[in-house]
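Data first, discussion second: the structure below is written as structure tokens.
Numbers for residues simply follow the sequence, beginning at 1.
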Amino acid sequence: MNETAKTSLSCLTPVKILHIIISIAIMAGFKFIPAAEPLTPLGVEVLGVFLGMLYGWLVAGDPFWPSILGLIGLGLTEYSTVPKVFTAGFGNSTVLLLFFFFIFTNIMNAAGITDYIARWMVTRKFVQGKPYRLTLMIFLAMCVLVVMVSAAAAVMVIFPIIKQISKAYGLGPGDSWPSVTLVGTVLVGCTAYMLLPFKSVPAVVLSSYAELSGTEIPLAPYIAIVIAMTAVTIVLCLLYMKFIVKPDVSKIETPTMEMEELGTLSAYQKLIFGFFLAVILCLLLPSFVPKSFFLSKLLGDIGSTGILALAIAVYLMLQLKEGIKGNDLFTRGINWSIIFIVASALTIASAFTAEETGISSWLVQLITPFTQGKPAIVFTFIICVLACVISNFANNIASSAMLTPIIYTVGLACGANTMALVICMMFGVNIGLATPPASAPAAIIHGDKDWIPGNDAVKYGIIFSIINLICIFIVAFPLGNLLF
């Protein structure tokens, strides 16, 4: 009885214990490995902390304890102290930005704005009897959703809508149109998700690049590339569906019932939607308006984090009768796993590239012989395929945190356009659909066995990953080299 009670206290299994031991052993054991020039002893220690943390994220599959142990391990080296490392990690402007963005999206979700917009877009008469217009509108609805909320949240909103539409047209689980549309919508959404630079993966990549190079990637050309990538992705997905998959869409072409009409937005919903547009405008204005303009300068001084924090403060000060209240606002919908990974990833990235570690020089020495003399497009191809493969077995934030410093260092040594390289890598690493651990949206796809049956999730996941790679080379690579 006592023995049963003891075992029930923990969910630890021998495999999980082994993963913890291996992760800690890597973090602590690397300091005993002799440093080979140009690596320094400190560099070997930092590498050990980095790899141990990475093992915990990718193999053990836990975002929390590897992040905490990694920050503590980094603080115990000569690089810094534990209090300074935690202050640098959780006080990082990107981490604070993500924190306030999660809170801000709670306001939108509680008002029902995201669900209303998606439903409005896919129930227009314009799409009735036109299956690929309907599919296009679903894709566009997903694009709108992912701008306002996380990719996983957008998937959870759009999937029930796609299923409802399918049922209205007499389609059900196992039919080819809803199956391929569900997966294709995730691909389009994950691409459009990167439009706002303060979302998780773009925030990590852009911040890491700024930390590494001392130069920020300009937002206007970045946004232009994301829009172009999204547009081409939509076109290729529609062409693939229409001419290769050829799902049975006869029931959509001859509808037997009208889609349910929506009511009008309430006064509260209109207020919140206008509030959202105003905040997004304030976030983007400093990138498009000359800094000499008073409002642009003021918003630039406040910064993106300050703008979101101010917006939340204004919402709380208004004390609206409807909507989410204070305590719930700060406790619901905050993805702490992302915050912990970003905090530790950015901190270790900074240490990773510190001159006293010698890691940057070592990477150049290690990888340059394989890339030297090769065209930039070949190097980009290798990096993007690697990013795509890794992202299908690992957390995309951790993968981008790992690849960004390597790409920057080697790309710089090869004379490549490093801004274009990291943007291409970001698109590669953000589209992991072929396996459940690839991302939260991928886990949803693979878990929906009724509507995406058999091996459809794996099949479409691989095919849409290939479509993503095609888009990178016909859109992101040439535009990146042209605009940066």
Side-chain angles (χ1 to χ4, degrees), residues 12 14-92 95 204 207-208 211-212 337 339-370 386 390 393-395 397-410 412-413:
L12 277 176
V15 173
K16 290 180 180 178
I17 294 171
L18 181 62
H19 286 324
I20 293 171
I21 292 171
I22 292 173
S23 180
I24 294 173
I26 294 171
M27 290 186 193
F30 258 58
K31 66 188 301 180
F32 301 107
I33 298 175
E37 291 187 358
L39 273 176
T40 66
L42 175 61
V44 174
E45 281 191 80
V46 170
L47 266 178
V49 172
F50 176 73
L51 293 174
M53 193 158 57
L54 207 60
Y55 182 91
W57 287 339
L58 308 186
V59 182
D62 193 297
F64 296 109
W65 63 258
S67 300
I68 296 169
L69 291 183
L71 290 173
I72 292 172
L74 185 62
L76 293 176
T77 68
E78 292 181 6
Y79 174 76
S80 188
T81 64
V82 173
K84 286 181 180 178
V85 164
F86 273 89
T87 301
F90 290 96
N92 185 284
V95 174
V204 170
S207 299
S208 296
E211 193 85 31
L212 293 163
S337 62
I339 288 177
F340 270 77
I341 288 176
V342 171
S344 51
L346 291 180
T347 306
I348 200 74
S350 184
F352 200 79
T353 56
E355 190 176 343
E356 60 266 32
T357 65
I359 294 174
S360 296
S361 302
W362 174 68
L363 283 173
V364 171
Q365 190 180 86
L366 188 68
I367 302 176
T368 300
F370 297 98
L386 180 64
I390 290 174
F393 298 94
N395 179 281
I397 298 172
S399 302
S400 62
M402 174 185 71
L403 289 171
T404 301
I406 296 173
I407 290 170
Y408 173 76
T409 305
V410 178
L412 202 63

>> The test is side chain to side chain contact (heavy atoms under 4.5 Å, CB included); show your working for V49 and I348 and say whether it passes.
In response: CA-CA 8 Å; V49 172; I348 200 74; 3.8 Å; yes
> Any side-chain heavy atom of I22 within less than 4.5 Å of one from V59?
Replying inline: no
> Would you call S67 and W57 a side-chain contact if the rule is heavy atoms closer than 4.5 Å?
Replying inline: yes
> For the residue pair S344 and M53, what are the closest heavy atoms and their distance?
Replying inline: CB-SD, 3.7 Å
>> Given I20, which partner from the list I17, L18, I24 fulfils the side chain to side chain contact (heavy atoms under 4.5 Å, CB included) test?
In response: I24
>> Could you tell me if the side chain of L47 sits less than 4.5 Å from the side chain of I33, heavy atoms only?
In response: no
> For V204 and T404, what are the C-alpha separation, side-chain angles and deciding distance, and is it a side chain to side chain contact (heavy atoms under 4.5 Å, CB included)?
Replying inline: CA-CA 9 Å; V204 170; T404 301; 5.7 Å; no
>> To check you understand the geometry: which heavy-atom pair defines the closest contact between M27 and P66, and what is its length?
In response: CE-O, 3.8 Å
>> Between I26 and F30, is there a side-chain heavy-atom distance shorter than 4.5 Å?
In response: yes
>> Using 0.5 Å steps for rounding, measure from the OG1 atom of T347 to the NZ atom of K84.
In response: 14.0 Å
> Which atom names give the shortest non-hydrogen contact between H19 and W65, and what distance separates them?
Replying inline: O-CH2, 4.2 Å
>> Quick check for you: to the nearest 0.5 Å, what is the distance between Y79 atom OH and L42 atom CG?
In response: 9.0 Å
>> Show the nearest heavy-atom pair for residues I341 and P63, with the distance to one decimal.
In response: CD1-CB, 3.6 Å
> How long is the gap from OG1 on T87 to CG on N92, to the nearest 0.5 Å?
Replying inline: 11.5 Å
>> Working note: F50 + I359, criterion side chain to side chain contact (heavy atoms under 4.5 Å, CB included); need CA distance, chi angles, decisive distance, verdict.
In response: CA-CA 12 Å; F50 176 73; I359 294 174; over 6 Å; no
> Taking only residues two or more places apart in sequence or in another chain, which ones pass side chain to side chain donor-acceptor pair (under 3.5 Å) with S207?
Replying inline: T94
>> Under a plain distance cut-off of 3.5 Å, with no hydrogens placed, do T357 and W362 share a side-chain donor-acceptor pair?
In response: no
> Quick check: are there more than 12 heavy atoms from other residues, nucleotides or ligands sitting under 6.0 Å from CD of E78?
Replying inline: no
>> To check you understand the geometry: which heavy-atom pair defines the closest contact between I72 and V82, and what is its length?
In response: O-CG2, 3.8 Å
>> Under the rule for ring pair (Phe, Tyr, Trp, His ring centres under 6.0 Å), what residues qualify as partners of F86, not counting sequence neighbours?
In response: none
> What is the distance from atom OG1 of T40 to atom CD of E45, rounded to the nearest 0.5 Å?
Replying inline: 9.0 Å
> What's the shortest heavy-atom distance between G52 and S23, and which atoms?
Replying inline: O-OG, 2.8 Å
> V46 versus L74: any side-chain heavy-atom pair under 4.5 Å?
Replying inline: yes
